[in-house]
Amino acid sequence: MKPHLLILLFCFSSKLFGQSLPDSTPQSGFTIENIKFESAGATLSGTVFKPKNIKSAVVIVHGSGQEKRMANIASLLASNGIAVLTYDKRGVGESGGVYAGPEVGTNNIDSLNLNLLALDASAALNMLAANIPKHSGKLGLMGFSQAGWVIPIAAKINRHVKFMVIFSGPVVTTLEQLRFQFYTQGNTNFWETHTEADAREHINNDIDRYKFTSTDPRTALDKLSASGLWLFGGKDIQVPVNLSIECLNVLKAKSKPYDYKVFPDLGHNTASSKLNEPMNVAIQWIKGLSNQTKVKK
């Protein structure tokens, strides 16, 4: 893939979330501890945020960029009783391994790379489970953008995943997403001059510019029993939102426990927008799952 085209692929900003923290730093209502864990031949570095009273626990899964651990969002979750493991992405920060992605001009949505990242997320979840008390509520994965492909694979690998929260993640194949993104060309005014019908026609008929094994998240989602929440921006020009919702509705019709919410005025960066509502919706949804668990007991 050409580097100037790859820059368009899921450039999800983590500036609001990225920050490294020292070992065992006390915070209001939770503690922080830096850890290391092994995954697919690499040592990855991360941080565990542990509330005093844990209601549930999540691993944060990255978008496509060279992303380090996301301390700010982890602190927000921990302050709401959600234990978190956030880690430097493979080949980034203090983590070993090799990063594949737009900044280095490599194909980061090849199935081999997505499956490797899913192994990392699964290993991180096992590490988080080992660092919190048993019976700490449900374990899950929360991620952004490219994580829409990574998280379902990780959930299929790891039976401990009980829920998934995905911000602006595709529910279409990697090749379908590329067709859409090449069509929008990063034009923030795209939806002012194009219709949904225009986008669908292009996605259905455009010739694929690159050849690699495509990944379809529905392959895993169709087999999972974990609950899922997708949060979309109505003005997204990187992910075909309406087509993704259509795919989710097909899965919901099969009684899959999947929910979604669209924020009409937002674009791709739903989690890092100035509007706090998407993250608040995610937190309340996770808390709702925790309450369901308590009722069943």
Side-chain angles (χ1 to χ4, degrees), residues 9-14 17 56-65 67 70 73-74 76-77 82 84-86 89 108-109 114 117-118 120-122 124-125 138-158 161-174 176-177 180 215-234 236 238-252 256-263 266-273 277-286 288-289:
L9 293 177
F10 292 95
C11 295
F12 189 98
S13 173
S14 62
F17 304 147
S56 54
V58 299
V59 165
I60 297 178
V61 182
H62 313 86
S64 68
E67 297 175 0
M70 301 178 184
I73 189 172
L76 175 62
L77 294 169
I82 302 169
V84 181
L85 194 163
T86 178
K89 194 173 186 176
N108 64 335
I109 59 173
L114 295 177
L117 296 177
D120 293 346
S122 176
L125 190 77
K138 294 183 177 181
L139 298 174
L141 301 170
M142 172 185 285
F144 317 98
S145 193
Q146 188 186 81
W149 293 312
V150 175
I151 285 178
I153 299 171
K156 186 179 177 183
I157 293 170
N158 195 321
V161 177
K162 300 304 180 186
F163 67 89
M164 307 170 286
V165 178
I166 302 174
F167 291 83
S168 302
V171 195
V172 298
T173 71
T174 47
E176 287 173 322
Q177 186 277 327
F180 175 71
T215 295
D216 188 340
R218 289 166 291 183
T219 301
L221 292 172
D222 193 52
K223 295 178 173 61
L224 296 176
S225 59
S227 300
L229 174 66
W230 282 256
L231 300 159
F232 297 107
D236 200 325
Q238 295 189 23
V239 168
V241 169
N242 290 322
L243 184 55
S244 291
I245 289 173
E246 185 175 293
C247 294
L248 283 174
N249 282 333
V250 171
L251 292 164
K252 285 168 64 68
K256 291 296 178 181
Y258 300 153
D259 298 316
Y260 60 83
K261 185 174 178 62
V262 180
F263 300 88
L266 296 183
H268 188 62
N269 286 4
T270 46
S272 61
S273 71
E277 188 180 358
M279 187 58 68
N280 290 336
V281 167
I283 291 171
Q284 294 307 314
W285 184 83
I286 295 172
L289 293 178

Set of residues satisfying side chain to side chain contact (heavy atoms under 4.5 Å, CB included) with respect to [X], sequence neighbours excluded:
X      : result
Ala147 : Val61, Ile151
Ser244 : Val171, Val172, Phe232, Val239
Lys162 : Lys138
Ala154 : Ala118, Ala121, Leu141

Are any of the side-chain heavy atoms of [X] and [Y] separated by less than 4.5 Å?
X      : Y      : value
Ile245 : Val262 : yes
Trp149 : Gln177 : yes
Leu266 : Leu231 : no
Met142 : Ile82  : no

TODO: For Tyr258, check ring pair (Phe, Tyr, Trp, His ring centres under 6.0 Å) against everything at least two apart and list the hits.
DONE: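 Tyr258: ring pair (Phe, Tyr, Trp, His ring centres under 6.0 Å) contacts with Trp230.
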Between [atom1] on residue [X] and [atom2] on residue [Y], distance to nearest 0.5 Å:
X      : Y      : atom1 : atom2 : value
Met70  : Leu76  : CE    : CG    : 13.5 Å
Thr215 : Ile153 : OG1   : CD1   : 5.5 Å
Ile166 : Leu221 : CD1   : CG    : 7.0 Å
Leu125 : Asp120 : CG    : CG    : 12.5 Å
Ser145 : His268 : OG    : NE2   : 2.5 Å

Which residues pass the side chain to side chain donor-acceptor pair (under 3.5 Å) test with [X], not counting sequence neighbours?
X      : answer
Thr173 : Glu176
Asp216 : Arg218
Ser122 : Asn158

Measure across [X] and [Y] and return the closest heavy-atom pair with its distance rounded to 0.1 Å.
X      : Y      : value
Pro257 : Ala226 : CG-O, 3.5 Å
Phe167 : Met279 : CZ-CE, 3.6 Å
Val58  : Leu77  : CG2-CD1, 3.9 Å
Ala220 : Pro152 : CB-O, 3.5 Å
Ala282 : Leu229 : CA-CD2, 4.0 Å
Gly148 : Pro217 : O-CB, 3.8 Å

Going by salt bridge (Lys or Arg N to Asp or Glu O under 4.0 Å), name the residues that satisfy it together with [X], two or more places apart in sequence or in a different chain.
X      : value
Lys252 : Asp259
Glu277 : none
Asp236 : none

Open item on the list: Taking Leu117's backbone N and O only, do any of them form a donor-acceptor pair with Lys89's side chain (distance below 3.5 Å, no angle check)?
Closed with: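 Such a contact is absent between Lys89 side chain and Leu117 backbone.
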- [ ] Could you tell me whether the side chain of Lys256 and the main chain of Leu224 form a donor-acceptor pair under 3.5 Å?
- [x]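 Pair found, side chain donor or acceptor close to backbone of Leu224.
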TODO: Apply side-chain contact (heavy atoms from CB on, under 4.5 Å) to Phe144 and Thr270, showing your working.
DONE: CA-CA 9 Å; Phe144 317 98; Thr270 46; over 6 Å; no
